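What follows is a set of notes on a single structure, which appears directly below.
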Amino acid sequence: MKKISVYQPASTEEAIRILSQHGSEAAVYAGGTDLLIRLKNRLKQAPTYLVDIKKIDGLRYIKDDGQGGVHIGAATKLSEMAESGLLQQRYPMLVQAINMISSPELRNASTLGGDLLQEVWCQYLRGGYPCWRNGGYLCYGAIGDNSYYHSAMGGRLCYAVYPGDAATALIPFDATVSLATPAGSKQLTLEQLVPGDMMVDGKIQSHVVRFNEILTEVRIPAPQPGLRASFEKLRPRGVWDFAMASLALTLQVRNGSIENARVVFGGISGKPLRERSVENFLAGKEPNDDLGAHAAAVALANAAPLKYNSTKIDMAKGLLVSGLAKLNAGN
Ligand code: SF4
């Protein structure tokens with residue numbers, strides 16, 4: 001592992017000053033379950049200066065916003081979310097998704113912010129190959145083994161899938177985030193935070209957080225009364241793994257018909273993929289046993305699987321059918 005220096009700032013302002021001073025050579029360090037592996041694997045893009053935010057007060061909490069919603073500090077551990085009575089009461093689907101992230105040991109170290117902003121887990125990147133994302137000029141995932149961790153919905157330079165589950169589960173609740181920046185606080189929707197790969201400060205990344213910005217908070221509005229929600233995830237290894245395909249689904253049913261739907265697929269694209277064509281199809285329909293098959297027929301029309309991963313699309317459509325059946329059965 002290369003030699004690194006660790007800073008332990010006492011405030012977000014101090015952390016931002018340090019990040020600004022070192023540019024893209026520095027990175028925020030919280031749970032370390034992603035960052036330390038990048039260092040261990042000697043990735044070219046791994047930082048030299050770690051800015052440890054664990055000692056900063058006010059980044060680790062789960063609290064009622066007083067209006068039926070919840071605010072979560074970005075340094076809150078996934079295990080704390082999994083055990084939160086408040087989250088379980090208001091957003092059981094989110095808790096279900098968090099409980100399917102990795103293993104209990106890793107949930108005990110990983111933070112919400114880390115899950116949202118983690119680097120992709122393409123085996124070529126993590127193996128230190130000189131690919132686009134690691135400062136090179138080739139995508140090994142597009143031409144090599146792309147069975148598990150690569151996009152079936154197309155890509156640009158990089159074809160890795162966005163690996164996090166928390167964002168997939170938060171988008172249907174219209175969650176938003178706060179970033180601390182040198183110019184003050186910045187607010188984004190979850191979809192704006194993780195829009196898929198783009199160049200940010202000279203690096204390909206799945207999120208829009210700049211080198212001297214820090215994700216500080218996630219805010220989830222009050223759930224609508226009678227909201228039905230489900231999260232399902234298919235993994236290569238059943239006990240813990242990243243999603244081959246996942247689906248976060250919410251239905252707002254009023255007077256027997258679907259007033260509003262949210263359909264977000266994970267594990268198949270470079271971002272949590274909100275499938276608006278299915279949402280529009282579901283709006284106004286009555287939940288029934290045939291709805292899943294009809295919804296699956298309109299889903300993922302833009303699929304562009306690579307050589308070995310077309311099964312991801314079948315899995316995602318299967319999750320849509322089973323998710324709708326589950327929410328219909330919950331009438
Ligand atoms: S998919 Fe992305 S991370 Fe993987 S080899 Fe291609 S460029 Fe690198």
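Just so we're clear, the structure is a prediction, and the values are computed from it rather than from any experiment. Just so you know, these numbers use all the heavy atoms, side chains as well, and skip hydrogens, waters and symmetry mates. Numbering of ligands and ligand atoms starts at 1, following listing order. We count residues from 1, following the sequence as given.
Comment: Asp64 engages Arg90 in a salt bridge, judged by a side-chain N to carboxylate O separation of less than 4.0 angstrom. Ion pairing between Asp290 and Lys285 fails under the 4.0 Å rule for side-chain N and carboxylate O.
Distance check for Cys139 against atom 6 (Fe) of ligand 1: an N/O/S atom falls below 2.8 Å.
Residue-ligand proximity, Tyr140 to ligand 1, at heavy-atom distances under 4.0 Å covers atoms 5 (S), 6 (Fe). Ligand 1 places these atoms under 4.0 Å from at least one heavy atom of Cys131: 3 (S), 5 (S), 7 (S), 8 (Fe). Set against the non-hydrogen atoms of Tyr124, the atoms of ligand 1 under 4.0 Å away are 5 (S). Counting atoms of ligand 1 from 1 in the listed order, those under 4.0 Å from a heavy atom of Ala160 are 1 (S). Under a 4.0 Å criterion applied to the non-hydrogen atoms of Leu125, ligand 1 contributes the atoms 3 (S). Within ligand 1, counting atoms from 1 as listed, the ones closer than 4.0 Å to a heavy atom of Gly141 are 5 (S), 6 (Fe).
Looking from atom 4 (Fe) of ligand 1 to the surrounding protein, the closest heavy atom is Cys122 SG, 2.3 Å.
Residues Thr12 and Glu14 have side chains that never bring a donor and an acceptor to within less than 3.5 angstrom of each other.
A distance-only check finds a donor-acceptor pair linking the side chain of Asn41 to the backbone of Arg126 [under 3.5 Å]. Under a 3.5 Å cut-off, the side chain of Gln88 and the backbone N or O of Gln96 do not form any donor-acceptor pair.
No option in Arg237, Arg235, Gln118 other than Gln118 meets the side chain to side chain contact (heavy atoms under 4.5 Å, CB included) test with Phe242. Under the side chain to side chain contact (heavy atoms under 4.5 Å, CB included) rule, Arg262 has a single partner from Leu227, Leu251, Asp174, Ile171, which is Asp174.
Here Cys158 has heavy atoms under 4.0 Å from ligand 1 in both its backbone and its side chain.
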